[in-house]
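Before any comments, here is the structure.
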Amino acid sequence: MALQYYHNESCSKSRAALALLQAAGCECECVHYLEQAPSVETVLELARKLAVPVHALVRDNEVEYAAFAAVPVSDNQAWAAAIHAQPRLLQRPILVSDTAAVVCRPPELALTWLTEQGHEHA
């Protein structure tokens, strides 16, 4: 199972979940999404793997949210474009496998999810 981890080094929850994953011996590719903004297609795929509308991936407490507040919650394409334009809007951290994903809030959800997915290092 190839794993990606959408990580923001300045976020304490993101650092905590990554530390738990590393302590469990879990190898994952860290995606530094603030440096390399996810494409619209990638954001749509994250939402699909999480089984949520794109707006559920949006951090509405970020300053950047104000520029998009008028976008209808149901407009997945527009919200994916907003996250691409302003990657700070992306909820974090997110652990992604080939077929599913989880927002690791609280950080312990990362290990619980890996166990549920049958990952051998959890």
Nearest non-hydrogen partners of [X] and [Y], listed with the distance:
{"X": "Ile94", "Y": "Ala101", "result": "CG2-CB, 4.2 Å"}
{"X": "Val54", "Y": "Asn76", "result": "N-OD1, 3.0 Å"}
{"X": "Leu21", "Y": "Cys28", "result": "CD1-SG, 4.3 Å"}
{"X": "Trp113", "Y": "Leu3", "result": "CZ3-CD2, 4.3 Å"}
{"X": "Gln117", "Y": "Ser97", "result": "OE1-OG, 4.3 Å"}
{"X": "Leu111", "Y": "Leu20", "result": "CD2-O, 3.9 Å"}

### Ser14 (side chain) donor-acceptor with Asn8 (main chain) under 3.5 angstrom
yes
### Task
Using modelled atom types only, decide if a donor and an acceptor are shared between the side chain of Lys49 and the backbone of Leu44 within a distance under 3.5 Å.
no
Determine whether [X] and [Y] fall in the same hydrophobic cluster, where Ile, Leu, Val, Met, Phe, Trp and Tyr are linked whenever their side-chain heavy atoms lie under 4.5 Å apart.
{"X": "Val31", "Y": "Leu95", "result": "no"}
{"X": "Val102", "Y": "Val96", "result": "no"}
{"X": "Val40", "Y": "Leu89", "result": "yes"}
{"X": "Phe68", "Y": "Leu57", "result": "yes"}
{"X": "Tyr5", "Y": "Leu34", "result": "no"}

### Task
Please state whether the rings of Tyr33 and Tyr6 are parallel, tilted or perpendicular, taking 30° and 60° as the class boundaries.
tilted
### Query
Would a 4.5 Å heavy-atom cut-off, applied to side chains only, mark Pro87 and Pro38 as touching?
yes
### Message
What I'd like to find out is whether the side chain of Cys30 reaches to under 4.5 Å of the side chain of Leu18, using heavy atoms alone.
### Response
yes
### Query
Pairs in or reaching into residues 83-103: which pass ring-ring contact (aromatic ring centres under 6.0 Å, His included), with residues at least two apart or in two chains?
none
### Message
I need the Gln86 CD to Glu62 CD distance, nearest 0.5 Å.
### Response
10.0 Å
### Query
Looking at OG1 of Thr42 and CD1 of Ile83, how far apart are the two atoms once the value is rounded to the nearest 0.5 Å?
11.5 Å
### Query
Hydrophobic cluster mates of Leu109, side-chain heavy atoms under 4.5 angstrom, ILVMFWY only, any path?
none
#### Entry: side-chain contact (heavy atoms from CB on, under 4.5 Å) between Arg59 and Glu64, intermediate numbers included
CA-CA 9 Å; Arg59 294 175 55 86; Glu64 293 84 355; over 6 Å; no
### Task
Could you walk me through whether His7 and His32 pass side-chain contact (heavy atoms from CB on, under 4.5 Å), step by step?
CA-CA 5 Å; His7 181 50; His32 298 276; 3.8 Å; yes
### Enclosure of Lys13 NZ (heavy-atom neighbours >12, cutoff 6.0 Å)
no
### Query
When the ring centroid of Tyr65 is compared with that of Trp79, is the distance short of 6.0 Å?
yes
### Task
Start with the C-alpha gap between Arg105 and Gln91, add the side-chain angles, then the distance that decides, and say whether side-chain contact (heavy atoms from CB on, under 4.5 Å) holds.
CA-CA 10 Å; Arg105 287 186 165 278; Gln91 187 57 264; 3.1 Å; yes
### Query
When you look at Thr112 and Thr115, which way does the side-chain hydrogen bond (donor to acceptor under 3.5 Å, both in side chains) test go after all the steps?
CA-CA 5 Å; Thr112 303; Thr115 300; over 6 Å; no
